[in-house]
Each structure stands twice: as C-alpha cells, then as structure tokens.
Asker: 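Pasting a structure here, questions to come.
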Protein chains: 2
Amino acid sequence: MAKLQKSIDKRNALIKATIELVNNSGFHATPMSKIAKMANVSPATIYLYFENKQDLVNQTYLEVKTKYTDFVFKTYDESTSVKTGFELIWKRIAEFNINECEYSFFLNQCNNTPIIDEPSRKEGIRHLQPLLDLWERGKKEGVIKPISDYILYAYSINPLSYLMIAQKQYEFQLNKTHVEEAFLSAWDSIKR
Amino acid sequence: MAKLQKSIDKRNALIKATIELVNNSGFHATPMSKIAKMANVSPATIYLYFENKQDLVNQTYLEVKTKYTDFVFKTYDESTSVKTGFELIWKRIAEFNINECEYSFFLNQCNNTPIIDEPSRKEGIRHLQPLLDLWERGKKEGVIKPISDYILYAYSINPLSYLMIAQKQYEFQLNKTHVEEAFLSAWDSIKR
DNA sequence: CAAAAAAGAATGAACATTCATTTTTATTTG
DNA sequence: CAAATAAAAATGAATGTTCATTCTTTTTTG
C-alpha cells in the first residue's frame with residue numbers, strides 16, 4: 001500500500017498562484033484553470049488538495065495570516081515598556097507590508113471584501129491578541145488613550161495598509177523617512 | 001418622432017441595485033440578471049442605459065464619488081483657519097461614512113480591489129483637491145506636519161473607512177463619543 | 001402611427017467540478 | 001535485487017450550469 005503523501009510543493013505552488021491571481025483580478029475573476037496553469041498542474045489536481053474554490057481561498061487566507069502574525073510578533077518581548085513594545089510591533093508590521101507586499105495586499109483584499117467566509121475571518125482576527133494585550137496595559141498605565149481598540153487599530157495600524165496600496169497603485173514610493181514619519185503619526189494618534 | 005427620453009428613475013434604480021448587490025457579493029459574483037430583477041427591469045434594458053457591465057460599475061463609481069465629494073465640501077469655506085477647515089471637512093466625511101454606509105462601503109471596495117478601471121479611478125481621485133490645498137496651506141503655516149499627502153491621508157482620513165467597515169462587519173457601534181475621539185486622533189496624527 | 005423603449009427568449013462563451021484513464025510510486029514476492 | 005502489482009496521484013476531456021450580451025417581438029409614448 002502506497003503512503004498518502006501528496007506533494008507539499010504542489011500545494012504551495014497552488015497557494016502562491018492563488019495569491020498572485022486574486023491580487024490582480026479578484027477572486028471571482030480568477031478561474032481555477034488559470035490557477036492550475038500557473039501552478040503547472042491540471043485543474044483536476046486542485047481538487048486533490050482542496051475541496052473546492054472557496055476552500056482554496058480560505059486556506060490561502062489562513063496560511064498568509066499565519067505568516068503575517070508569526071513575522072509580526074517574532075521579535076516581540078512582553079517585558080518592555082509600552083512605547084517600546086508598540087514600536088517593535090509596529091515596525092515589524094511596516095516591514096511586512098513593505099517587503100511582503102503580495103501577502104499584505106491579499107490580506108487586505110480579504111478583509112475588505114466578502115471573499116472569505118465568516119468562520120475563516122474570525123479565526124484570522126484572534127491572531128492579533130498580543131497587540132491588544134499591550135494596548136490594555138498601556139491604557140492602565142495611562143500611556144495610551146483610553147479608547148476602543150477598533151479606533152486604536154484604525155489609526156495606528158490600518159494606515160499602513162493604505163500606504164501599501166498607494167504604493168502599489170499610484171506613483172508613491174515608501175522610503176525610510178516615510179516610515180519614520182508614519183510611525184510618529186501612528187504614535188501621536190494613540191498616545192495619551 | 002418620439003423624444004429620446006429614457007427614464008432617469010430606471011437608471012437610478014439600476015445604480016442603486018448595483019451598489020447593494022456589489023456590496024454584498026462583489027462585482028463578479030453579481031449577475032446582470034439579479035441587478036435587473038432588483039431594479040424591476042429586464043436584463044436587456046440595462047443595455048439601453050449602459051454599454052456593458054464594466055460601464056455600469058464605472059458609472060456607478062463616478063456617481064457615488066460625486067455624491068461623496070459634493071457632500072463633503074458643501075459646508076467648507078476656504079477662509080477659515082487650517083484647523084477649523086480640517087475639522088469641518090473631516091466631520092462631514094465622518095457623517096457621510098456613518099449615514100451613507102452603503103455608498104462608503106461601495107467606494108471603499110472600488111478603491112481596494114481591481115473592479116474599477118484605471119481612467120475612472122483617476123477621475124475619482126481629483127475630487128479631493130480642496131483638502132489637498134488646505135493641507136498645503138497648513139504646511140506653509142507650520143500647523144501641519146511637512147509630510148507626504150499620502151501619509152496625511154492614510155492617518156487622518158482613511159481610518160474612517162476602516163471604522164465604517166468594522167461597524168458593518170463586526171459588533172462595533174460608532175457613537176458620538178467615538179467620533180470625537182477619532183477626530184482627536186486624526187488631528188493628533190497630522191498636526192505639527 | 002411611427003419611433004423609442006422595454007421585454008423575454010435565445011446564443012454562445014466561460015467556468016467549476018467530475019469522470020474515465022494514465023502515470024507514478026511504493027511495496028511485495030520470487 | 002528486479003519484476004510484478006496495487007494503490008495513490010495526476011491528468012485531459014467531458015458535463016452541466018451560469019452568465020453577459022444580443023436578437024426578435026411587443027408595448028409604450030408623443
């Protein structure tokens with residue numbers, strides 16, 4: 001009896017193709033046949049790895065989201081001051097947004113449109129917990145404004161997504177100075 | 001000879017239906033037949049008002065964008081101080097985002113995905129000129145940080161879109177207090 | 001009553017998914 | 001160790017559906 005050992009490379013190639021094609025055309029304008037072609041695989045093969053198109057995109061979302069949070073919190077250390085901790089996380093997020101543009105663009109599209117189904121989306125949100133905890137502490141210490149996490153997120157984190165899109169879509173180039181300026185704006189908007 | 005007088009009501013109904021359906025399912029998952037049904041019109045009739053599906057959505061975008069900027073700058077008066085002017089514009093944007101949620105959600109979707117074609121998108125951007133002029137003046141007067149308009153926009157305006165989506169998607173409700181807090185964050189992030 | 005507007009049915013293309021085979025891989029057996 | 005074989009993996013073609021758009025006919029309008 002042969003082992004059930006489907007090539008992980010093929011799965012990765014499919015996920016990569018999905019990201020690229022969905023980024024450029026959107027979920028519904030991306031046919032399975034194109035994904036298959038880009039991954040050098042027959043359309044039928046996709047169904048050995050994923051239940052259907054929705055499942056493919058859900059799994060892609062969760063995989064990218066995991067890469068994102070793994071990267072973002074890798075260097076984070078709970079024992080620092082709130083400001084230092086925030087700066088650490090923020091800069092990692094910025095780095096991810098700039099260097100892994102394909103991934104962030106995909107995540108952003110998932111967060112802003114109805115491609116992803118609700119369970120997968122909920123699953124994805126929980127990943128930011130350490131940042132929420134840090135804010136909690138900051139509020140207690142009187143360093144962070146005592147306002148809703150949604151507002152804190154909207155002002156200090158979400159703008160990075162916008163800048164990333166601007167970079168992709170318009171003739172705007174984010175350089176080191178911009179990142180520093182953006183960080184100061186982020187901190188100014190949430191600090192007490 | 002009968003006048004060429006296509007009913008404006010029908011066109012409006014089509015645009016309204018497009019917004020609602022695209023908001024809930026996205027462009028490519030919205031069939032013309034559904035748009036027709038919701039507007040109480042035959043599918044063939046759509047083609048009397050619009051060239052094709054892409055044209056329908058482009059025109060919808062421009063129409064909504066115009067409603068947006070008309071509303072936003074209606075009360076604006078160039079002769080005020082920079083801070084007052086900014087507050088005036090910002091609050092109108094907030095009001096639009098909260099009260100005309102359907103419109104803002106649609107605009108946001110257009111800005112973040114590849115539904116709209118490039119010429120229509122460019123056309124839409126120009127509409128924010130008065131705000132850009134105000135920032136220019138603010139920078140000269142030393143009231144606003146001397147940084148890229150993209151960053152100013154990312155921190156002071158774009159967060160409202162995020163809050164609007166959060167309101168639609170999660171269990172978050174924007175009240176008057178939130179709006180005040182958000183305005184302070186916006187101003188803190190761009191003021192010198 | 002003629003021209004415009006609208007309608008429903010028809011058309012053809014595109015697509016997600018499944019089906020029938022072939023190819024690859026791993027294991028067994030002489 | 002190699003030939004035989006059985007299961008898994010992969011494939012290309014087929015299927016049935018959905019959809020944008022067009023065509024032909026009917027209805028409305030001035």
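Letters go in sequence order (proteins before strands), and every chain restarts at 1.
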Asker: Expressed in angstrom and rounded to an integer, what is the separation of B:I35 atom CD1 from D:dC19 atom P?
Answerer: 11 Å

Asker: Using whole Å, report how far CZ of B:R11 lies from P of C:dA6.
Answerer: 13 Å

Asker: Provide, to the nearest angstrom, the distance between the OH atom belonging to B:Y47 and the P atom belonging to C:dA5.
Answerer: 18 Å

Asker: OP1 or OP2 of D:dA10 sitting under 4.0 Å from any side-chain N/O of A:Y49?
Answerer: yes

Asker: Can you tabulate the close N/O pairs, meaning under 3.5 Å, that link protein atoms to atoms of nucleotides 8-11 of chain C?
Answerer:
| from | atom 1 | to | atom 2 | distance (Å) |
| --- | --- | --- | --- | --- |
| C:dG8 | N7 | B:S42 | OG | 3.2 |

Asker: Kindly indicate whether a cation-pi arrangement holds for B:R92 with B:F71, taking the cut-offs as under 6.0 Å to the six-membered ring centre and within 45° of the axis.
Answerer: yes

Asker: Examine B:F172 together with B:H178 and report whether their ring centres are nearer than 6.0 Å.
Answerer: yes

Asker: Given side-chain contact (heavy atoms from CB on, under 4.5 Å), test A:L134 with A:Y76 step by step and report yes or no.
Answerer: CA-CA 11 Å; A:L134 179 71; A:Y76 176 55; 3.5 Å; yes

Asker: Strictly below 4.0 Å, N to O, side chains only: are A:K91 and A:E95 in salt-bridge contact?
Answerer: no

Asker: Tell me the ring pair (Phe, Tyr, Trp, His ring centres under 6.0 Å) pairs involving residues 6-53 of chain A, sequence neighbours left out?
Answerer: none

Asker: Do B:K83 and B:E87 meet the salt-bridge criterion of a basic N to acidic O distance under 4.0 Å?
Answerer: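 Looking at B:K83 together with B:E87, the answer is no, because their closest N to O distance does not fall below 4.0 Å.
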
Asker: Send over the distance from B:F50 CZ to C:dA5 P, rounded to a whole Å.
Answerer: 15 Å

Asker: Can you check whether B:K10 has a side-chain N or O nearer than 4.0 Å to OP1 or OP2 of C:dA6?
Answerer: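 Yes.
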
Asker: Round to the nearest Å and state the distance from B:D55 atom CG to D:dA20 atom C1'.
Answerer: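 Atom CG in B:D55 sits about 14 Å away from atom C1' in D:dA20.
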
Asker: Should A:E102 and A:K168 count as an ion pair when the cut-off is N to O under 4.0 Å?
Answerer: yes

Asker: Between A:Y68 and A:F96, does the ring centroid distance fall short of 6.0 Å?
Answerer: yes

Asker: What is the separation between atom CG on A:N40 and atom P on D:dA10, rounded to the nearest whole Å?
Answerer: 13 Å

Asker: Which of residues 13-21 of chain A sit near DNA chain D, with a heavy atom under 4.0 Å from it?
Answerer: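 Contacting residues: none.
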
Asker: Expressed as a whole number of angstroms, how long is the span from A:H28:NE2 to D:dA20:C1'?
Answerer: 16 Å

Asker: Nearest whole Å is fine: how far is C:dG12 P from B:M32 CE?
Answerer: 20 Å

Asker: Is it the case that the side chain of A:T113 and the backbone of A:C110 share a donor-acceptor pair, with hydrogens and angles ignored and the cut-off at 3.5 Å?
Answerer: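 A pair under 3.5 Å: no.
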
